[in-house]
Asks: 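Below you will find the structure I want to go over with you.
Numbers restart at 1 for each chain; the letters A, B, ... are given by sequence-line order, proteins then strands. Only heavy atoms go into these numbers, but all of them, side chains included; no hydrogens, no water, no symmetry mates.
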Amino acid sequence: MRSAVLTKGVPDFSEGAVSFDEDGHLERGKTPTVMNPNDAFALEAALQTKVRHGGHVSVMSMGPPGYESVLQEAMASVYADDLYLLSDRECAAADTWATAITLCSALEKYQEEVRKLDLVFAGFKTADGETGQTGPQTCWGLEWPIVTHAIALDVDPDERTLRAKRLVEGDVDEIETVEASLPCVVVTDPEFEPTYRKASHRLEHKRLRAETEARAESYDEHLTTWDHVDMNLDPDYIGLDGSPTIVSSVDPIPKAPSEREATMIEPDDRDGMERLLEEMQPFAAGD
Amino acid sequence: MVDPDEHTVDELIEELDTIDDEAELNAILEAERGGRDRKTAREAIEERIAAVGGEGDATEGEYEETAETVGDEAGGEEAGDGELEEEAEEESATAEEPAEDEDEDELSHPTRDKRHVRALEDGHYEDVWVYCETQEGELLDVSKEMLGKARELMDDYAAEFGDEENVVAVVIGDDVEGLAEECLAYGADVAVYHEDPRLERFLHKPYAEITAHMARGQGSAESTNWREYDEPRYFLFPATNNGRDLSAQTQAELDSGLASDCSGLFIGEEEVANPVKTGEPGVKKTFERVLHMKRPDFSGFEYSTILCLDNPGRDFHPQGCSVIPGSFEPIEPDPEREGLVVEHEMDLAEDWFRVEITDHDRLEAGVDLTGHEVIVCLGRGIGDDPTQGIELGLDLVDAFDDAALGITRGIVTSSYQFEGHVEEYTKEERQIGETGQVVAPDLYVAAGVSGAVQHKVGMDESETIVAINTDPDARIRDFSDYFVEGDLFEVLPRLTEAIEAGELRLEAVADGGDD
């Protein structure tokens, strides 16, 4: 099985890492870039496929040269075999459609020059853009079948099919079992869970981890960078120039007038804390 | 010939990389099947066959032709199994060299992706279209909400611009004519539906093909003669798992853009200085009748307003978006409202059904946070030690008679690593807020919760709200009754202990201040 995993670097929104200016705008320069948290599930799905069936996993990302560290992180977590960074000034400020065109072109180049792919994995929304559109749009360009919101995956290499469970939202939430032919795009849901039932799978998992540690150290030897010329992309169709949408304004969500007058309490303010306890005590568990 | 029996799989893969002859590779595959028949070995050989077969399978001419035969794609350019790739290779065997060795800077063949880009220029656009998602034979609530909003937008539109444009509902499924009629009662002027037993449940490819086909006004004359425009002006989709996917793929097919997960929409003009959109640096251009799509940002404290604007020489219509369920009110349904119901006609290619739904089931309702006396909700303030943060929250829950643990969206989408025993409490099913559960307990304890507006709507009907936060300016202060200005890692254990003991012990207070 040959897989590609699409990943993105995003600002690290975890407490302590993220930096906002006084107006509450994200300060990207001061906020470190990490792998998009949701992409971890796509990587897990690719790893599961590799552990169970063997093969090769390539990780691909579009972003500035600084994203190499994101790819290194991805390599270590998925025991990836190699890395592809699509990096070019012309790609900057792309919206989802311009991004999808770039990813699609890179995947086509990969298939023409490296190998045919069986599976392309992507995560659900990115932590910064939060659109959830890029995976399905990349798939539209590839003209492959797609399974989104996958929470469990089984691939049958002999039949060249996959079976997946996926989540459907609506007025009631549902779970579907679907079968699709390969090649296929799989977008994992944050609820995705890999399973390794057999002992041999767990051993293989361990073996791959050991093997990858060294590779992730010298990840740059396994890194290929493509620019727009490599991908034969017309600058009018990528980056800002190729993006249908723009962000016209970012406004603070208007602060509603105070609805309640909060009593301020310092933790060491005994009177205040006691008053608070009086409010809570009626709900205390009985003996 | 390489005898696969004599090699380990790894060795074999190396050997294979030196072989370009497909016939020889096929022979090796046969030998493997007849011999050790290792799955991984077979795969490696098949991969190599595909790789050899895949080289140079696309030429400039093919792409351009595809780009121009937009209406014919139902013919199925791609088939379900790998064998097709070999056929493609034969067809283009004469074009060994990709166009890349021509002058690189010129990119002499246009973007090869143009086959995916079916651009319009100077098109004519009208109406707002609404994709009305269904489930179990009924319109989703969000479908009715979008119709209500679209009605309001178009009534205002007529008042402001003097043009009567329609609200057009799209319904796809099995046996959906009745639902299309129902859309009229909820505000649509026209309802276009496509029904087919194979479409009983959502499938990406056929649903997106049909939606785009409808939008372009393709189909028989009698099903399209109610309209005289190229494509819709605006297109709304529900921001559900399937609705969002459909929005992305339909807009891709129509070569346009969209904003996802919007909760505010209005139409108005916009002056833009971006040279990509104006065509000329330094010149401002006013775009008329622009759909302003407002979406709450990742931070939870900002709205971004997204616009989908034409470039010079490349139209980006319809202006699309997906809409968060619950954002708008449906109108009071009026069964007497008149309108047009149109059945859409289109042949569906077999090839579009490469994904098959073999089973479906309602998901067991997850955790129900409503109906408890007390909710303890944790936010990103647990970030210093997420696992301990959850544990402290659970300890406080246990101190109450009838309490449950909730979390903010910030926790659900965080990259925190939780240890196994608390991980089950960190899933989306415990999320409180706009896209989670709405609770109104007697006592709501929000620890480390900043108070984004999306969170507020999920809890501000609570009787008594207690916030614990290190930042006295946190927004949650404005809708709290008590605000303990302190670190939840210190305050929660104190509260738990005091509630269990029935009194606030002096020692606990004294011990706590260890700075």
Asks: Would a distance-only check, ignoring hydrogens and angles, find a side-chain to backbone donor-acceptor pair under 3.5 Å from B:Arg494 to A:Pro267?
Replies: yes
Asks: Under 4.5 Å heavy-atom distance to chain B, tell me which part of A:His149 shows up: side chain, backbone, both or neither.
Replies: side chain
Asks: Below 4.5 Å from any heavy atom of chain B, which atoms of A:Glu278 appear? Answer side chain, backbone, both or neither.
Replies: neither
Asks: Between A:Arg163, A:Arg275, A:Gln133, who has the most heavy-atom pairs with chain B when the cutoff is under 4.5 Å?
Replies: A:Gln133
Asks: Mind checking the NE2-CZ spacing from B:His360 to A:Arg166? Nearest 0.5 Å is all I need.
Replies: 12.5 Å
Asks: Do NZ/NE/NH1/NH2 and the carboxylate oxygens of A:Asp158 and B:Arg42 come within less than 4.0 Å?
Replies: yes
Asks: Given heavy-atom pairs under 4.5 angstrom as the criterion, report whether the side chain, backbone, both or neither of B:Ala208 touches chain A.
Replies: both
Asks: Nearest 0.5 Å, what's the CD-CE distance between B:Glu485 and A:Met264?
Replies: 5.0 Å
Asks: Heavy-atom distances under 4.5 Å only: say whether B:Gln319 touches chain A with side chain, backbone, both or neither.
Replies: neither
Asks: A:Asn36 versus chain B, heavy atoms under 4.5 Å apart: side chain, backbone, both or neither?
Replies: neither
Asks: Counting heavy-atom pairs under 4.5 Å to chain A, which of B:Val484, B:Val276, B:Leu307 comes out on top?
Replies: B:Leu307
Asks: Can you say whether A:Val114 sits under 4.5 Å from chain B via the side chain, the backbone, both, or neither, judging by heavy atoms?
Replies: backbone
Asks: Report all side-chain donor-acceptor pairs from residues 240-249 of chain A shorter than 3.5 Å, counting only partners two or more places apart or in another chain.
Replies:
{"residue": "A:Ser243", "atom": "OG", "partner": "A:Asp95", "partner atom": "N", "Å": "2.8"}
{"residue": "A:Ser243", "atom": "OG", "partner": "A:Asp95", "partner atom": "OD1", "Å": "3.4"}
{"residue": "A:Ser243", "atom": "OG", "partner": "A:Gly239", "partner atom": "O", "Å": "2.7"}
{"residue": "A:Thr245", "atom": "OG1", "partner": "A:Asp95", "partner atom": "OD2", "Å": "2.7"}
{"residue": "A:Ser248", "atom": "OG", "partner": "B:Thr305", "partner atom": "O", "Å": "3.4"}
{"residue": "A:Ser249", "atom": "OG", "partner": "A:Asp251", "partner atom": "OD2", "Å": "3.4"}
{"residue": "A:Ser249", "atom": "OG", "partner": "B:Thr305", "partner atom": "OG1", "Å": "3.4"}

Asks: Starting at CD1 of A:Ile175, measure out to CG of B:Asp359 and round the result to the nearest 0.5 Å.
Replies: 9.5 Å
Asks: Step by step, would you call A:Phe283 with B:Asp442 a side chain to side chain contact (heavy atoms under 4.5 Å, CB included)?
Replies: CA-CA 9 Å; A:Phe283 306 107; B:Asp442 297 328; 3.4 Å; yes
Asks: Measuring from atom CG of A:Asp171 to atom OG1 of B:Thr134, what distance do you get when rounded to the nearest 0.5 angstrom?
Replies: 10.5 Å
Asks: Is it the side chain or the backbone of B:Glu138 that comes within 4.5 Å of chain A heavy atoms, both, or neither?
Replies: neither
Asks: Among side-chain atoms of A:Glu174 and B:Gln135, is any donor-acceptor pair under 3.5 angstrom?
Replies: yes
Asks: Compare all side-chain heavy atoms of A:Glu191 with those of B:Lys427 and state whether any distance is below 4.5 angstrom.
Replies: yes
Asks: Looking at A:Glu169 and B:Asn241, would you say the former's side chain and the latter's main chain have a donor-acceptor pair under 3.5 Å?
Replies: yes
Asks: Heavy-atom pairs under 4.5 Å with chain A are the metric here; pick the option from B:Ile13, B:Leu309, B:Val491, B:Val142 that has the most.
Replies: B:Leu309
Asks: Pick one of side chain, backbone, both or neither for B:Asn274, based on which atoms fall under 4.5 Å of a heavy atom in chain A.
Replies: side chain
Asks: From B:Glu47 CD over to A:Arg115 CZ, what is the distance, rounded to the nearest 0.5 angstrom?
Replies: 5.0 Å
Asks: Quick one: do the B:Glu253 and A:Trp140 side chains pair a donor with an acceptor below 3.5 Å?
Replies: yes
Asks: Look at B:Asp398, B:Ile465, B:Val374, B:Ile468 and state which one has the largest set of heavy-atom pairs under 4.5 Å with chain A.
Replies: B:Ile465
Asks: Counting only heavy atoms closer than 4.5 Å, note whether B:Leu258 contacts chain A via side chain, backbone, both or neither.
Replies: both
Asks: If I measure from the heavy atoms of chain A, does B:Lys277 come under 4.5 Å with its side chain, its backbone, both, or neither?
Replies: side chain
Asks: Pair A:Leu276, B:Val466 - check side chain to side chain contact (heavy atoms under 4.5 Å, CB included), show working.
Replies: CA-CA 8 Å; A:Leu276 176 59; B:Val466 178; 3.6 Å; yes
Asks: Between A:Pro157, A:Cys184, A:Cys139, A:Gly55, which has the largest tally of heavy atom pairs under 4.5 Å with chain B?
Replies: A:Pro157
Asks: Can you tell me which portion of A:Met1 sits under 4.5 Å from chain B's heavy atoms? Options are side chain, backbone, both or neither.
Replies: both
Asks: Does atom CD of A:Glu261 have more than 12 heavy-atom neighbours, drawn from other residues, nucleotides or ligands, at distances under 6.0 Å?
Replies: no
Asks: When rounded to the nearest 0.5 angstrom, what is the spacing between CD in B:Glu46 and CZ in A:Arg2?
Replies: 14.0 Å
Asks: The test is side chain to side chain contact (heavy atoms under 4.5 Å, CB included); show your working for B:Tyr482 and A:Glu279 and say whether it passes.
Replies: CA-CA 10 Å; B:Tyr482 295 91; A:Glu279 290 276 357; 2.8 Å; yes
Asks: Has A:Gln281 got a side-chain atom pairing as donor or acceptor with B:Ile499's backbone, closer than 3.5 angstrom?
Replies: yes
Asks: Let me know if A:Leu277 has heavy atoms under 4.5 Å from chain B in its side chain, its backbone, both or neither.
Replies: side chain
Asks: Heavy-atom distance under 4.5 Å to chain A: side chain of B:Val272, backbone, both or neither?
Replies: side chain
Asks: Side chain, backbone, both or neither: which part of B:Glu356 has a non-hydrogen atom closer than 4.5 Å to chain A?
Replies: both
Asks: Which atoms of B:Ala259 are under 4.5 Å from chain A, going by heavy atoms: the side chain, the backbone, both sets, or neither?
Replies: backbone
Asks: Measure distances from B:Asn311 to the heavy atoms of chain A and classify the residue's part below 4.5 Å as side chain, backbone, both or neither.
Replies: side chain
Asks: Is B:Phe483 in contact with chain A via its backbone, its side chain, both, or neither, using a 4.5 Å heavy-atom distance?
Replies: both
Asks: Which atoms of B:Leu139 are under 4.5 Å from chain A, going by heavy atoms: the side chain, the backbone, both sets, or neither?
Replies: backbone
Asks: Give, as side chain, backbone, both or neither, the part of B:Asp141 having an atom under 4.5 angstrom from any heavy atom of chain A.
Replies: both
Asks: Walk me through it: do A:Met273 and B:Leu495 pass the test side chain to side chain contact (heavy atoms under 4.5 Å, CB included)?
Replies: CA-CA 9 Å; A:Met273 288 295 274; B:Leu495 288 176; 4.1 Å; yes
Asks: Tell me, side chain or backbone of B:Val445 under 4.5 Å from chain A's heavy atoms, or both, or neither?
Replies: side chain
Asks: Tell me, for A:Lys125 versus chain B, whether the close heavy atoms (under 4.5 Å) come from the side chain, the backbone, both or neither.
Replies: side chain
Asks: Where on A:Ile238 is there a heavy atom nearer than 4.5 Å to chain B: the side chain, the backbone, both, or neither?
Replies: neither
Asks: Can you tell me which of A:Asp189, A:Leu167, A:Thr96, A:Val147 forms the most heavy-atom pairs within a distance under 4.5 Å of chain B?
Replies: A:Leu167
